[in-house]
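What follows is a short report on a single structure.
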Amino acid sequence: MLTANSTLGLFRGLTTFSQLWYYYNNVTYTIVAPINIVDAPAYPYRGFGLDTSRNFFPVEDLTRTLDAMSWIKLNTFHWHITDSQRFPLEVAEYPELAQNGAYSPQEVYSECDVQYIVSYAAARGIDVLLEIDTPGHTSIIAASYPEYVACFKASPWSTYAAEPPAGQLRFALPEVVNFTASLLSDVAKTLPSKYFSTGGDELNTNCFVNDTATQEHLKATGMTLNGALDAFTNATHGALIAHGKTPVVWEEMALTWNVTLSNETIVMVWISADDAVSVAKKGLRIVQVPFDYFYLDCGAGEWLGDSVPLNSWCDPFKTWSKSYTYDPLANLTEAQYHLVLGGEQILWAEQSGPQNLEPIVWPRAASSAEIFWSSKQPSGDALDVTEALPRLHDLRYRMVQRGVNAIPLQPQWCALRPHLCDLDA
Ligand code: ACM
């Protein structure tokens with residue numbers, strides 16, 4: 001018997017039901033019946049993030065990812081769809097952005113693809129939170145609108161941007177404000193989600209120091225760069241809010257810059273747990289994406305051509321067990337707990353493509369899924385890596401049976417003998 005308050009609750013209940021069963025040697029069996037389960041999610045935001053700009057992922061990779069997400073009750077696909085390197089998104093009102101900004105005409109998400117992905121996700125209880133990162137991470141827009149982008153391909157790129165190639169929107173210029181507000185709202189209005197991310201991370205101020213167009217405008221209007229960013233944020237967020245959307249931003253927009261954000265704004269915290277405390281002090285809601293626990297790309301070394309022997313900024317690799325120990329409420333007061341909506345593990349794709357998507361994500365991304373669904377063990381005890389491991393093995397084998405290339409967590413000998421490979425066994 002399955003009862004729930006909503007259709008979505010029934011769907012999650014069926015997911016739990018499927019997790020009670022094993023299939024082996026042509027036999028389907030369970031070892032826990034009869035059983036009574038009362039369950040509900042601890043947090044409303046349980047996400048997985050993917051960057052599809054640095055390298056392209058075909059639609060089938062995204063739908064298979066959504067399948068796997070639904071098996072562990074993740075409910076938000078945070079789609080960082082564009083970045084400085086490429087713009088693989090077809091926008092009806094701005095077709096040139098993808099025409100000039102994709103790696104190839106085949107490596108574009110058409111409007112139809114996006115609608116298909118959104119409805120595929122919805123059928124699995126997953127909301128698609130699209131991100132068009134602005135005003136940094138936008139070099140590629142120069143391929144269509146060179147006059148909108150400052151320090152385009154400036155060298156050395158590291159003086160002007162977080163990643164090559166340099167180039168950021170000239171957000172102080174009114175025509176750029178209008179363009180960005182229209183672009184974001186034109187995309188957001190095609191999507192059912194209440195949420196839309198405008199990005200806002202890693203804005204580099206050096207880029208604007210010698211940018212004549214920006215400096216002349218600041219001088220003529222008497223504005224500071226921060227004041228111009230405030231106006232840009234007001235206009236772009238205002239356009240989204242006018243379409244009934246709630247803006248989502250990376251933490252710099254709340255902490256580095258002095259810009260006015262609507263109280264509804266959701267802040268993705270990625271740099272440190274201390275920053276979550278600072279965001280909470282501002283009374284803004286938080287999605288936890290701490291790089292030192294949840295970034296799935298770390299651990300592959302540096303990818304810049306002339307520094308290949310070095311580590312990358314976010315090495316080492318974040319094991320599933322490291323991710324699993326993240327406490328999303330650390331250092332917050334009980335009165336602030338409600339501000340934490342949840343969190344996500346995310347794959348930035350500088351060194352990823354369809355070839356390693358599944359092995360690099362699964363089953364690791366299930367760590368945060370359990371943190372944000374269960375938050376504690378049924379006994380009330382804190383989550384515990386040793387207790388979780390046999391269950392994660394179950395999930396990993398289930399994923400493999402269902403055609404997802406989830407990597408082994410241990411030698412199979414250990415997987416079949418729970419706890420016999422523990423250090424003190
Ligand atoms: C980020 O990693 N720049 C959000």
Side-chain angles (χ1 to χ4, degrees), residues 45 47-55 76-87 129-140 157-169 171 195-207 229 233 247-257 259 261 265-276 278-279 284-304 311-318 322-323 326 328 341-352 360-361 364-365 368:
Y45 184 109
F48 166 69
L50 182 66
D51 154 25
T52 60
S53 164
R54 275 56 180 259
N55 286 300
T76 308
F77 175 48
H78 169 207
W79 190 358
H80 179 92
I81 195 166
T82 65
D83 207 293
S84 266
Q85 288 87 356
R86 291 290 107 181
F87 198 103
L129 163 62
L130 206 75
E131 175 179 337
I132 296 189
D133 201 350
T134 65
H137 291 268
T138 44
S139 178
I140 189 60
W157 61 265
S158 54
T159 304
Y160 304 100
E163 267 191 25
Q168 307 185 123
L169 285 173
F171 60 82
Y195 306 101
F196 193 90
S197 174
T198 62
D201 57 323
E202 298 183 311
L203 187 57
N204 183 309
T205 51
N206 288 326
C207 175
L229 187 64
T233 305
V248 179
V249 290
W250 289 109
E251 63 167 270
E252 289 95 317
M253 293 302 285
L255 301 182
T256 308
W257 296 91
V259 299
L261 298 172
T265 310
I266 295 169
V267 180
M268 292 194 159
V269 174
W270 65 280
I271 298 172
S272 80
D274 287 347
D275 292 348
S278 306
V279 173
L284 295 170
R285 293 176 297 166
I286 295 166
V287 169
Q288 298 275 20
V289 200
F291 86 88
D292 47 348
Y293 288 81
F294 285 176
Y295 275 24
L296 295 166
D297 49 303
C298 307
E302 189 52 271
W303 52 267
L304 300 165
N311 287 332
S312 88
W313 69 273
C314 78
D315 283 349
F317 185 85
K318 315 306 173 204
K322 167 84 179 176
S323 308
Y326 187 68
L341 299 181
E344 66 179 40
Q345 284 165 277
I346 184 167
L347 181 65
W348 300 101
E350 287 89 347
Q351 295 168 290
S352 285
I360 206 165
V361 173
R364 271 193 301 162
S368 61

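Values below: all heavy atoms of this structure, side chains included; hydrogens, waters and symmetry mates excluded. In listed order, ligands and their atoms are each counted from 1.
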Over all atoms of both residues, closest heavy-atom pair of Asp133 and Asp201: OD2-OD1, 2.6 Å
Ser278 side chain to Asp275 side chain, donor-acceptor N/O pair below 3.5 angstrom: no
Drop me the distance from Cys298's SG to Ile360's CD1, to the nearest 0.5 angstrom. 9.0 Å
Taking the six-membered ring of Tyr293 (Phe, Tyr or Trp), confirm whether the NZ or CZ of Lys318 is under 6.0 Å from its centre and within 45° of its axis. no
As a quick check of understanding, evaluate salt bridge (charged side-chain N to carboxylate O under 4.0 Å, His left out) for Asp83 and Arg54, giving each step before the final call. CA-CA 7 Å; Asp83 207 293; Arg54 275 56 180 259; 3.3 Å; yes
Distance-minimising heavy-atom pair for Ser368 and Phe294: CB-CZ, 3.9 Å
Residue by residue, ordered by chain and number, which ones reach under 4.0 Å of ligand 1 with a heavy atom? Asp201, Glu202, Trp250, Trp270, Tyr295, Trp348
